[in-house]
Every structure is written in C-alpha cells, then in structure tokens.
Amino acid sequence: MFASAAAFSKKKPEASVSLANDDILDGLMGELHKSSKVTKHTDTKSGQPAAKKVAYNPFSVERNSFPRSEESITPKASLTVKRGLSYDKVKPQTQKNLTVSSPVSRTYSERSVSNVTVEQDEDLPENEEFNNGSQTMETTVEDSPTESIDLADIGFDDDMVDTSSKPEELEVKHDVVHDNLQMDTKKCNQLISEEILTLGWENVGNNGQSETHMDFTVDNSNLPLVTNSTGEQVLRFYWLDAYEDPYHQPGTVFLFGKVFVDSVKSHVSCCVTVKNIERRLFILPRVKRMNLKTHVESTEETTLPMVYEEFQRIAEKHRINEFRSMKVRKNYAFEILEVPVEADYLEVRYSAEHPVLPSDVKGETFSHVFGTNTSSLEHLLLNRRMKGPAWLELKCPQVPATETSWCKLEIILAKPDYISVSDNQSSPPPLVVMTLKLQTLPNPKTRQNEIVAAACLVHCDFQMDRPAPKQPYQQHFCVISKPSDSIYPFDFRDQITKQTKRMKIEITPGERGLLGFLLAKIHKLDPDLIVGHDIYGFDLDLLLHRISANKVPHWSKISRLKRTFMPKIVQSHGKATFAEKSAVCGRMLCDVQISARELIRCRSYDLSELAKQVLKQERTELDYDEVREMFSSSLQLLKLIEQTLLDSLFILNIMYELSVVPLALQITNICGNVMSRTLMGGRSERNEWLLLHAFHEKQYVCPDKEFRKKQVLPVGDDEDGDQSGSKKMAQGKRKPAYAGGLVLEPKKGFYDTYILLLDFNSLYPSIIQEYNICFTTISRSAATTEVHDDDEACLILPDHDLEPGVLPTEIRKLVDSRKLVKTLMKNSDVSHEQMMQYDIRQKALKLTANSMYGCLGFTFSRFYAKPLAALVTGKGREILMQTKDLVQKMNLDVIYGDTDSIMINTNSVELDQVYKLGNKVKSEVNKLYRLLEIDIDGVFKSMLLLKKKKYAALCVHRSPDGQVTTSQELKGLDIVRRDWCDLAKDAGKYVVSQILSGETRETIVEKIHTKLQEVGDTVRSGDIPLTLFYITKQLTKNPEDYPDKKSLPHVQVAMRFNSKGGKKMRAGDTVPYIICEDGSTMSATQRAYHPDELIKQDSLKVDTKYYLAHQIHPVVARLCDPIQGTDSAHLAECLGLDPSGYRHTTHHEETAEEDLVTLQLTMEEKFRHCDRFTFSCPSPNCGRQIVLDSVFTGNVSI
DNA sequence: ATGGTAGGCTAGATGA
DNA sequence: TCATCTAGCCTAC
Ligand SMILES: [Mg+2]
Ligand SMILES: [Mg+2]
C-alpha cells in the first residue's frame, strides 16, 4: 500500500487531467503528500497503546486548539465506556466508540443552558500540547480510553488500509432509547401549531425522557451479519449516498447508508469503503493497420494480439505497468460514425491507481479507446446494478484498521464484486432528518457575512416511503453567537435560563464557538439528510467559508467522511461550487428552494413566498438591520431565536408538503443515479444514468463523458445563414437547433358553444415507441454527414417488425409500470398512505418518461442525438396535421391546436352529444396508430381564444352523480404571468370571468366599464395595498452580468439592492419592483424601485398613471379585443385616460381576418341553439306535438 | 454550469 | 414618424 501511495504521489505532473480544477487539484495533491506521511507514522507504530498511537499531523488545520472555555473542556460524563481491556492493549487503533444518539435524548435539557456543550469535548483537541509535530498525543483527561475517539481524527485521510489485515474489533457504545422513542411518539402525536410554538418548543420535543446506554462490540466475528436467500452470511446495508475522490483515492468509492444492528434494535449509520474498482477500457481494433503519420492504411489485417501488443507499449508509456485483457463482443449505437454496430473489442482492466489514459489515444492497430475517463462510481453502479438507494448484501465485510468516517459502523470491501443488490427489498430504514437555518450578519469591517445564529429541528425516524410524519420533529436546538462588534444584553443568560423549558438554546461567545457546536451536534445526531432553504446558493458556501475562516476543527463532521483539508473554496457569491457540494458527502442535502423550483410553479421561491404558497402561512422576513437591532435586548434576541426556529419549521414542512424525499427516492430508483444528485435537480444527469444502465445491460459501449470542450465558440456552427452574427452573451438563450411542435393558427374569438379539447397522451414518449425511435434502430450517418442536417427526412424509420430499441423499451417499461401503479390505485381497499405513495411513484414515472425526449435534444447530454430529437418533433407535427385533416374531413370545426392537441368547436349546447362526438373523433383518430392514443382532455362551455397559447375557458366537469360543475382554465394570458402586477391581473381576471359568464354582451360590457372606472378611481385615490403594484421579474443572470442593465428595471433595482450590502440578489432570484413618480421625467423603466425603497423614501410615490396606462389597460384591452361594444379607446376612457391615443389601435391585422368570431349576444343570438319548446299533447288520445315558439307572446303552432 | 422548441409581449435601438 | 429588429421574460406545449 505504501508503494501504491508513493507511486501515486509521483503522479504530480499529471495536472493536465483537468485544467479547470487546477486550484482544487493543487490543494488536494498537497494534502496527499502530507497525509501519506502521516499514514506511515501511524502504521509503523502499531502495537502502541491507542492514546499514543497517532502522530500529530503538522499540516492539519485541526492542530489549532480550540479556545479554552469551561464548557469545552468539561469531560462528558456519558463517555465512560466499558471496553474490553485486552483489546485496548493489543489493537487499540481498531477501537471505535460508537455513540448512537437517542432519538429523544434530552442530554441538553437537564443541564443549564450555558453548559450544554458536553459533546464538544469529544470533538476538540484537549490541550495545547498538541503542537509539536513529533510528539504523540497526551491527554489531560483521566479516563484515557475514551481518548481513542480523537485519535483517528488526525491523519486518516489517505490511509490505504491494507484490507488483508484483520482488524479485530470495533467497540460500540450506544445510547439506546428505542422504547423511549415509541413512548415519546405517542405522547407527542399532535400537530404542531403556532400556539404550541409560542408556548414552547418542548411540547413537540423530548420532555422528561432519560437516556439509557447499552454497550456492544463489533468485530469481524461479530458484525451484524444475516443469512441471505442463498444461505450466505452477508451484511445487509441500505445505501443512500456515494462519494469518490478520483484524485486521492482512485478506485475507491465510499458508500454511505444504514445497517440494522439487532443488539441495539435500531439502524446505525455505516460507511462502506469499496476498494479496487478497476478501470475498464474497450479498445476497438482497426480492420487494417494504419500508419499514424501518413494515415495510410496498410494491407495488413489486425488481430487482437497485435492490438494487445501495441496497447502494452502505449500503456507502459503512460506508466500503466499492469493490466489484464480479454476479447469481448460489444455493440455501439452512438455518434462516432466509424464505430461499427457490433464488433470484437479488447477489454482492458487495470488498477485505478495507475493513471488515466488520454481519451483520444489511437494506435496503428486500434481506432478508439472507450472508457478512459469513466469514474469508479460509474463502474460500481453499473456493474453491480445499483439503481438508487436499496438494500445491498455485502460479502466478506472487513472492519478497517483506521477510521475513515464519522459513521457508527465502518466496513471495507476488498472488491466491488462483494456487493449485490438484495433480492429482499424491505422498506428503507428510517432516516435522521435535520433542518438547518442560519441567521447571518455582515461584519461591518470586512463586509463579509458571519453566522450569528443557527436553528435546527431533528426528526429521527423519517420514512422515505411514507407520507409526511404527523409530528414534524422530535428534537430541536438553537445556537447563538454574538456579532463580533457587540455584546449580549446584560440579562441575556438569565432570560435564557427562564426559557430552558421552552427552547434549548446554546450561547456561544462567538462565531467559532457556534460553528464548533454545530459541527459537534451534526456529528452527534448524525443526520442522513440535512434540509435547508437555498443551502446550495447560500448556506453551504457560507458555512464552509466561516468554518475555514475561524479554523474550526473537524470541519468534515458536516459530512460523514473524515477529511483533514477542506476543498479549496473560492469567492463564489454564495453559490456552492462542485467542491463544496462534495464537502457534505455521506449526508444528503435537500434544498427546498431547488426542489420547489422543480415541483411547483411559484411567483418566487424565497422562503416567505414558499411558506405562503405551500403552507398557507405568513412569514416575516428579517432585514439585516433588524437582526442587528435584535441583539440589543434579551426579549428581541429571544424573538430572533424563535423566528429562526420557526423558519426551520417552515423549511421542514415545505419539504414534507411537497413530498420531496419520497419523490426523489422514486426517481432515483427509476433512473439509477445517486439520490443526493437527484435532490440537486438537473434532469439530464438522471436520464443519462437511466440510459447508462440500460445500454450497459445490453452490452453496449456507451459514449464517454466529454470534458472541457474548450469553448469552441461555434457562432455559426449551423449553416443556417441567417443573421446569426450577434450571438449575445455566453449562453443567454441559444437559438433553436431544430424544429419543435406545431401550433395551429387559432380562430380567435369568443365561443359560447361547447368546445372539445382532444389531446394525445404523452405524445413524444408515445412517438418514440410508436416508431421505434432509438439510437440502435435509426442510422444517423446520413443526417450528420449531409449538409442538411436538420432535415429528418433522410432518416429512415425502422421496419415495423424490428425489435424495439433500447429507448422505446425503457419508455415502455416506464409506461407499463405507471399503468400498473394506476390500476393499483383504482383498487378501493388501498390505504390513504399507500395511495399517496402510488401517486408519487406514478408521478416519478411520468416525469422520467417525459424528460427523455428533452435530453435527446440537449447539447451537452452524453446521449445527445439531435437527429432523433428532430425526428420525434417532426413526427409530432405530422401527427397533429394528420389529426387536424381527419377531424376536418369529419366536417368538424378545428379552431386551434398546440403540439399534441386539437380544439373542436362542436357548435352544440348538448353536453351528451358533445361527449358522444368526442368519443367518435377519439376512436377515429386512434385507429390510425398502434400505441399512440388521443383522449378527451376537456370540454369547454365557453371559451375566449385570443392568440396562439393564449386563451381562457370554462371547463365542464361531470361528477358521477350527474352534477355538472365548471372551472376556469386560463392559459398564457397576462393574468397568469408573474410579470404583470396584481392590480392589472385582478382587473383582467374580473373581465375574463365576466366574459365567460354567459351573460349578454351588453351586461358584460357595462360591468367591465363600471369596474374599470371604479378601479381607476381607487387607484388615483391611493387607497390600494402596495403589494398590488408589485411587478416581479426573475434575474436570469447575475445583475452585473447584463450587458444592457440600464433599460431593464428589475436589473436596476437588483443592482441598487445589492449595493447596500447584506444578502445579494443573484441569478434565479425574483425581483419585486414598483414604478414610481420620483420627480424625474425619465422613462418608466428608469423609475422602478424596490418596495423597501418606496416605503423608506418619502419622495417616492406610486406612478398611478403608469399602472393605469401600461398595466391595467393593455391587459384588459387584449382580453376585450374580440368583444364588440367596447374598444381600446373606450376602455382607456373608463380608466380615466386620454382616449385619443388609443383611437384606431393596431387593427391593421384584424382587417384582413374575416374568420374572427365576434361576440354575438343579442337575445336572439344568445338562444339560437335552443330547440323549440315542444311537447306532446297531454291528452291520452291526442298525441299531437305542440310547439311554443314564443313563450311570452303566446304564439302556438301545432 | 447543463432537458427541448414555439410564441406573445415590452421597451429600446436602428434605419428609412 | 413608422416599421423592423433585438434582448429579456415568461408561458404552453
Ligand atoms: Mg398530451
Ligand atoms: Mg397538450
């Protein structure tokens, strides 16, 4: 192992691996050299007692001793652990103290608040004598065996643990409280409410529980093994997260998850180090040997032995001195044209400790080498068929000699083959979930944000396959530190002490103490999942920066992997970098902002808005000034703490409400990726994993990941010829690469007869199946070589009897699973809980199937296939046109259609007839296709069709008991867009509901006019809540990155907002602003102000004229465009605007359009669809039909 | 860093 | 002055 470590350290010049990560690499490499030295130390001293065993690492940041404080050096009483003395002496380094925190432990609650840091001491160096590099560690604590906890904290990082050695024992101390938990759950089985919060947090927490301890030991003969279905002894391990460090520990993947330990009757965290994952190359032989200089092919045919020989030479040149090889037959179906569909490859395997081959190596005897840069993680997940979190069975588990993780249990596997996915997938283990909410303040001197408070809630028994728990959490804690420039209120400690029953508060003297406490808590509670809001955009980066700036020891406790050096962190405006994202490995991170972005549409995704929209609860946002102010009095400070706790609760509840975790689990199990990545969003990666698994299974060589495409700057890469000269900004918005869906020209106007909406069920996934569109079934060579590359005509569709390709098969699996789930859901005796779970699964299946097409057209996808994407949309256009033609041939009136839908004006007012007609059309259309299916998606009682993608309709619903209800469906109109103010949208909504109401034209027009006058008056009177004036727009770039910031109001507002310090607005944030009168004569865009500015500056007033003329008027005028009896000018007049400017507005288009359907609302017109009122003569022997033509005038015909 | 295209609309720039 | 273009947003599929 030393040899390999040394050999690897020689690899320093290999920095070419990734130019972008130079700084990261340097940092990591530096660490490698240093820590490998430590490793040596450690091992040569084996045999020494534990306390003296680990040498001090002179390079570790952790040498910095924690400031002495009474709290921090108080020995922890509960650390008195019974241990086998004999083991102590023989192999002390194998001991591991395992503390399983009680789910309901009240370790803190019985102590005075200022003394709750007991856990810290196990995390902190005990004294300053640590300073001499050659010195071994000593302790000041009497009970020295407990010190072994600290030993592995140092010098662990690059231990290449010799797996052939037999680590003997792992001692475990466990604070078990399983029974207590159950008791506690029962007691606290109540919904949290605001009242409870204000009464005290302990009401839902852990009151009156006591801690119990149980000691148990784990060693190789004592691992919690079980017998699997084939009778083998295996360790059952549920994997949740995976991590690899390809630079330091190539060939090693760390799996993190849980193991059930019977002796303590609970699941404990476990880190599995999978070693010796080999690199695998697939070398494609040339048919004939080629001279690489002249590119001339010789007549000599190549053989695999010749390839082997040449590769051996090349390998040696790259210092790969050992490898194995064999002949394999593999398929290929991707974008490199020269690669045959099927061929014999030379598969080469070699240790990942040897260098990576450049991905473009070529030889005289071979043309391509695949898999040069494939990660160990990919090899592991694909070869072991690990598709998302699952129970694994681990054979030959070994206990490591040195601790590498912060987990309760550690296992080493000498090779990946020891892993198999269990055929007995029982429920996933319960997770420990912890929320995290930070309060920060900018340091007035450095202007950098510092952390002043943190609040956490903990749920110790979260089930990923169940609906949200009734009790949101069991434990809570807060930690507060005073800002560097202030002091605590004089009576703060007293006040806090009074509150101990309500809230568990830890007071620390400064940020460093806070961070130390937080890390210790994370270690102790050992959460599997940390939840926050904007963690990836703010908290994580900040946390790591502050830990680093304060030189807080054991930074890596934030994760589950012990590491000495923090990844290089750069100034990144709060946005977490790649390195930072991997800093928390082993614990999944759930950022509810990211999740909400994926799952729901929201005006904004900040915490207040999410709380309002998702939880229907109001949250108050705290200004930095307010936070600072709150440090001046104890009462205020307590309020701050409570507010922070409340935010934490919001975060947790938002996650529950959106079912983020159950959904992510389902998606991950479907796609076969890593769950922590699913939680980070990004559809493409999920799709890639799904396809990787599928193609790997079918013996395909997959496209390699391409790194750093050198920013080719292909401005005119498409020979489109159009004026593409000015391709603004990095990737502002690229122009489309191929044609998409067809949108039929709408027959605009108002309809008061039933409209049928027919819609193909998931059109694109269906097309892929219907036409068997796949990498494997369609040759793209013509399309990519020909000049007309966006012409899908040259693609040849596969025969109908050709076996389905990989892509259609995968989609079919998804669709079939979904059907199955849906039939299960129809079963009446499913529990509510089960139903929720089914629904989540079917949603996940649908999402995955639908994102398949998108990823085909995604330029940076590993499976990018523009011709296929274009073919799919092409077929879609064809199908929509066919459908339209068919429907028109049935003598029906197609008024609109978008991509996969057709709207038909039935001209009927009989609902039954309409459905009958719909079903007839449906069956006619469906006759044309094998799988593709159109369905009735809705029936509209009335509809206002304004433009392509813009309409409003009254949707009819028939309940089983025959009752008919209606609901509004609004699509694309201004009133559903967030960039119009509520004032305008509300007016618009009123107008729409009037138009759809079915009343006579005269009434409608009159009501609209009246309403507008009223609105105009109210606006001018100023008696309107400010929020109605908010216009919100998202920043798509960071404000400073806009080339033309001057004319963009939201950018200007954001720039001013950012300039005042504190939290910054960044790309993705939503900026609210109000157009104001500020005395200047500048254009409206120059007079946009943030609501705070308007409130604070008396000189600013809402520009009511702007809102009437540029918000309400255009919105309303567009809606009323097809309505006769009013016009733009009239509407303007009602609003109190000068109508002259609106006289003959933009009707230059309409004049040509004769098919404009106008609102026909005279009495006669309105009832034109009514049948005549007829009835049979009631006289038994008469039977004549009597017709009442004019009910009120009395004309009767017989 | 990382699904897609189609389309409406505003405000500002540009040119006849 | 008007027509035409572009950037930027947000929406419908
Ligand atoms: Mg559809
Ligand atoms: Mg549709």
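Checking the phosphate oxygens (OP1, OP2) of C:dA12, a side-chain nitrogen or oxygen of A:R601 falls inside 4.0 Å. Close to B:dA6, at under 4.0 Å from its OP1 or OP2, lies no side-chain N or O of A:Y738. An OP1 or OP2 oxygen of B:dG7 is reached within less than 4.0 angstrom by no side-chain nitrogen or oxygen of A:Y951. Put simply, A:K1046 has no side-chain N or O that comes within less than 4.0 Å of OP1 or OP2 on B:dA11. A sub-4.0 Å separation between OP1 or OP2 of B:dT10 and a side-chain N or O of A:R1118 is present. Remark: A:K948 is not in phosphate contact with C:dC13, judged by side-chain N or O atoms under 4.0 Å from OP1 or OP2. The shortest distance between the side-chain N/O atoms of A:S1047 and the OP1/OP2 oxygens of C:dA7 is not below 4.0 Å. At C:dA7, none of the side-chain N or O atoms of A:K1037 fall inside 4.0 Å of OP1 or OP2 (strictly under the cut-off). Contact between the side-chain N/O atoms of A:H1050 and the OP1/OP2 oxygens of C:dC9 is found at a separation under 4.0 Å.
Among the protein residues, A:G854 comes within range of the nucleic acid bases, having at least one heavy atom under 4.0 Å from a base atom. Within the nucleic acid shown, A:V976 comes within 4.0 Å of sugar-phosphate atoms alone, with no base atom in reach, counting heavy atoms only. A:T1036 comes within 4.0 angstrom of sugar-phosphate atoms only, judged by non-hydrogen atoms across all strands, and of no base. Residue contacts for A:S1083: at a heavy-atom cut-off of 4.0 Å it reaches the sugar-phosphate backbone alone, with no base atom in range. Note on A:A1084: nothing from the nucleic acid sits closer than 4.0 angstrom, heavy atoms only.
Atom pair A:I768:CD1 and B:dG3:C1' shows a separation of 12 Å (rounding to whole Å applied). In this structure, A:K950 atom NZ and B:dT10 atom C1' are separated by 11 Å, rounded to whole Å. With rounding to whole Å, A:Y1073 atom OH is found 13 Å from B:dT10 atom P. For the pair A:R677 CZ and B:dT2 C1', the computed distance is 11 Å after rounding to whole Å. Atom CE in A:M680 sits roughly 16 Å away from atom C1' in B:dG3 (whole-Å rounding). One atom, CZ of A:R734, and another, P of B:dT2, lie 15 Å apart when rounded to the nearest Å. If you measure from atom CG of A:L744 to atom C1' of B:dG7, you get 14 Å, rounded to the nearest angstrom. A straight line from CG of A:L970 to P of C:dC10 spans 19 Å, rounded to a whole angstrom.
Using modelled atom types, one side-chain atom of A:N1058 and one backbone atom of A:M1065 make a donor-acceptor pair closer than 3.5 Å.
Classified by interplanar angle (parallel below 30°, tilted 30° to 60°, perpendicular above 60°), the ring pair A:F858/A:F860 is perpendicular. Using cut-offs of 30° and 60° on the angle between ring planes, the pair A:Y1107 and A:F1029 is perpendicular. Taking the six-membered ring where the residue is Trp, A:F760 and A:Y929 present perpendicular rings, their angle passing 60° and hence far from 30°. Classification of the A:Y853-A:Y738 ring pair by plane angle, with boundaries at 30° and 60°, yields perpendicular.
A distance of 6.5 Å separates CD1 in A:I975 from NZ in A:K989, rounded to the nearest 0.5 Å.
Which of C:dC13, B:dT10, B:dA1 sits closest to the side chain of A:F860 comes down to B:dA1. Considering only side-chain atoms of A:D898, the nucleotide from B:dT5, C:dC13, C:dC9 that sits closest is C:dC13. Distances from the side chain of A:R978 to the nucleotides C:dC13, B:dA1, C:dC10 place C:dC10 closest.
Take the nearest nucleotide of DNA chain B for A:T1085 and for A:S684: the residue whose nucleotide is more 5' is A:S684.
A:R977 contributes a side-chain N or O that forms a donor-acceptor pair with the base of C:dC9 under 3.5 Å.
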Donor-acceptor contacts, no H, no angles, side chain residues 1046-1054 of chain A, under 3.5 Å, sequence neighbours left out:
residue: A:S1047; atom: OG; partner: A:D1044; partner atom: OD2; Å: 3.0
residue: A:H1050; atom: NE2; partner: A:Q1034; partner atom: O; Å: 3.4

